[in-house]
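The structure appears below as structure tokens.
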Amino acid sequence: MRAYYVVVLLICAISTACTHVAPKRTSLSGTGDPPGCNAPTGEAPTNCEHQIVERSDDYDLHFIEFDDQGRPYADNPDFGDAHKQIDEFLLNVERTAKTEAGVSVVVFVHGWLHSSDSEDGNLESFRRVLGQLAKVENLAFCRRKVIGVYVGWRGAATVFGRHPVDTLSFWSRKFAAEQVATGSFQQVVAGLKAMQSATPDRIEKSRSLQEANCSSRLKTMYVGHSFGGLIIVSSMAQDLSRGLMLDQLGGESSLGARAAAPRTRSDELVVAINPAIESARFDALFRIASTAKYPYYRPPRFIAITSKNDWATGRMFPAGRTVNLITKRFPRGDNSGRSAARRALGHDPNYLTRTLAESSHYTGDKQAAERYCADADAELPLAERAKLDVARARNFHAAVGGSYDANKPEFWPRAFCVKDPDDSKPDVLIMDAYANSDMDRNTPIWNISTGKPIVKDHGDIESIRLIEFLRQIYVDTMFFR
């Protein structure tokens, strides 16, 4: 009985300290453009803190916010113009996609304990990433306009922020994330997919293997962190599975036949960073990917990357799921099923496919990978490294050609060159197959396990090494057909 009263008091304490269910982005300029919101360091001017659209010299940044039921905010005087967020975003994308250059759309969904507050660390990092991708588009000569959308929801349930008491919000925030995943966020995804289908590819002259593939006028990238990863994976899994099944068909009459050249499809990449989602929800996509075989490398369509040092998904998540599973039943002897229901996607060895580590921590043959980065300029500013990314991708693609087979040992492991401004020389990141994985290395489905210093903990999505790795993957998708 005494424990009952303690629980009641805790619930009361949390409820009185709850953050308001209200939008933060409520202002849409009536005439002309919103105020300039250039943010090269990630910090935007204070007059941008309520803007639905932040326009900078390099990109446009939209905000779309949902309540705990996954609904956009109503047309209510207290919420300003928040009800126009989705329409304004889709209209801008549609208009820009019709231009000759086209558009590259990056959708970011934040996670637990975060929001669309202008000074949120996730948002500041997202602004910097958009600026870098804009440089990549220019340097690769695609010159697509970069439009970002920051998807906000009540990831921080209490005013305590990262106070230990906020860990009690795990169950309510996971439920809210599930509501967002199946709610009106689907309108955003469906709108983008419809425009991808309706937007014709750019008609180009013949391009050599050394040139980026700029034919797509609407390129999309979805990124989710923590419970934002849950939202992204839940929303995109069915479409990803459908794409893999089309690859298996590949013009053959049997589903089990080895795939021929995969059919052309939307220029799309899905990334989940430290995703707080049980591996059971990844099971169908993983099983399909395990049976799909590719005669040559395909750039990734889905990447999950999880730090072994992430306490939130490595410890808190299974603890919270254990409580949830008290009322659940599993087939007798099905230990893997119970494990998949408890463990987060990046901590279940049954579903891992790749590892990412610094060369100093890599135990395999690393000399070839390190030679790949030998000519890197250690003094080059971070923002300018995009030029090297493009040059390396161009040279690598020319060397391996259109028939690059990632299963061949001469092309494995993969190397990625990163530069931390605090270090005197560039680092080499090496991606290899996970020890117990039988997955075809040409697969476009990657579930990566990493650790310090690439991603040191749950919230380390601002890691320079991680950002540069993902930027190079973005470039990779531009060169491989």
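Just so it is clear, the values below take in all heavy atoms, side chains as well, and ignore hydrogens, waters and symmetry mates. Residues: numbered from 1 along the sequence shown.
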Ionic contact status for Glu65 with Arg154, cut-off 4.0 Å: no

Results of side chain to side chain donor-acceptor pair (under 3.5 Å) for Arg144 - residues two or more places apart only: Glu137

For Phe79, ring pair (Phe, Tyr, Trp, His ring centres under 6.0 Å) partners two or more places apart: Tyr73

Minimum side-chain heavy-atom gap Val107-Phe185 below 4.5 Å: yes

Partner residues of Phe302 under the ring pair (Phe, Tyr, Trp, His ring centres under 6.0 Å) criterion, sequence neighbours left out: Phe282

Salt bridge flag under 4.0 Å for residues Asp68 and Arg173: yes

Partners meeting ring pair (Phe, Tyr, Trp, His ring centres under 6.0 Å) with Phe66 (sequence neighbours left out): none

Candidate list His225, His114, His347, test ring-ring contact (aromatic ring centres under 6.0 Å, His included), partner His458, passing option: His225

Donor-acceptor contact below 3.5 Å, side chain Gln472 vs main chain Glu468: yes

Cation-pi, Tyr474 ring and Lys219 (6.0 angstrom, 45 degrees): yes

From CA spacing to verdict: side-chain contact (heavy atoms from CB on, under 4.5 Å), Arg301, Asp247: CA-CA 12 Å; Arg301 296 179 208 153; Asp247 288 348; 2.6 Å; yes

For residues 449-457, which side-chain N or O atoms pair as donor and acceptor with protein atoms under 3.5 Å away, sequence neighbours left out?
from   : atom 1 : to     : atom 2 : distance (Å)
Thr450 : OG1    : Leu356 : O      : 2.8
Asp457 : OD1    : Gly459 : N      : 3.3
Asp457 : OD1    : Asp460 : N      : 3.2

Results of ring pair (Phe, Tyr, Trp, His ring centres under 6.0 Å) for Tyr150 - residues two or more places apart only: Phe63, Phe108, His110

